[in-house]
Amino acid sequence: MNKDIQHKETDGKGMFYIEKDGDIVAELTYTLQDNNIMTLDHTETDPKFEGEGFASSLVKHSVDYAREKDIKIDPLCRYAAAQFERHEEYREVQATEE
């Protein structure tokens with residue numbers, strides 16, 4: 001299946017998502033704070049598509065987006081936090097407590 005990741009954002013709330021036949025099969029939602037920190041708050045994949053790498057692709061895409069926009073990420077969602085633990089290269093965009 002094609003993993004074309006789409007993006008939408010309104011008033012600082014957004015999502016990266018993957019569709020199949022017009023239905024969202026995986027999504028990662030976030031809130032963009034005024035301090036240029038993107039809080040990843042939820043990742044979900046339709047159970048029929050679990051194990052196909054959609055959620056990890058969405059987290060990677062959010063990291064690439066943060067690099068491109070020069071913003072930091074707070075991986076609040078447990079899944080996203082686990083991906084940040086697993087992938088040391090993601091930590092360069094991770095927001096740190098100051």
*Step through the shown structure and confirm whether more than 12 heavy atoms of other residues, nucleotides or ligands are within 6.0 Å of CG on N35.*
yes
*Verdict with reasoning, F54 to T43, per side-chain contact (heavy atoms from CB on, under 4.5 Å)*: CA-CA 10 Å; F54 292 168; T43 307; over 6 Å; no
*asked:* Using a 3.5 Å distance criterion without hydrogens, assess whether the side chain of R67 forms a donor-acceptor pair with backbone atoms of S62.
replied: no
*Quickly, which of D11, T39, D41 forms a side chain to side chain donor-acceptor pair (under 3.5 Å) with T31? Name it, please.*
D41
*Can H42 and M15 be said to form a side-chain contact (heavy atoms from CB on, under 4.5 Å), step by step?*
CA-CA 9 Å; H42 181 70; M15 68 187 288; over 6 Å; no
*State which residue, out of E50, E44, K48, fulfils the side chain to side chain contact (heavy atoms under 4.5 Å, CB included) condition with D46.*
K48
Using distance only, find each side-chain donor-acceptor pair of residues 72-82 under 3.5 Å and give its atom names and separation, not counting sequence neighbours.
from	atom 1	to	atom 2	distance (Å)
K72	NZ	E92	O	2.9
Y79	OH	S56	N	3.2
Y79	OH	Q83	NE2	3.2

*Find the distance between CG (D23) and CZ (F49) and round it off to the nearest 0.5 Å.*
8.5 Å
*Under 4.5 Å between any side-chain heavy atoms of V59 and H87, yes or no?*
no
*Taking atom CD of E89 as the centre, does the number of heavy atoms from other residues, nucleotides or ligands within less than 6.0 Å exceed 12?*
yes
*Report the relative orientation of the aromatic rings in H61 and F16; use parallel for angles under 30°, tilted for 30 to 60°, perpendicular for over 60°.*
perpendicular
*Between Y65 and Y90, is there a shared hydrophobic cluster once you connect ILVMFWY residues whose side-chain heavy atoms come closer than 4.5 Å?*
yes
_Looking at every non-hydrogen atom in both residues, tell me the closest pair between A26 and T45 and how far apart they are._
CB-OG1, 3.9 Å
*Evaluate side-chain contact (heavy atoms from CB on, under 4.5 Å) for M38 paired with L40, printing each intermediate quantity in order.*
CA-CA 6 Å; M38 182 168 61; L40 306 183; 4.2 Å; yes
*Which pair of heavy atoms, one from Y17 and one from K8, lies closest together, and at what distance?*
CE2-CG, 4.0 Å
*If you take all heavy atoms of L32 and I71, which pair is closest and at what distance?*
CD1-CD1, 3.9 Å
*asked:* Working to the nearest 0.5 angstrom, can you tell me the gap between H7 NE2 and L58 CG?
replied: 11.0 Å
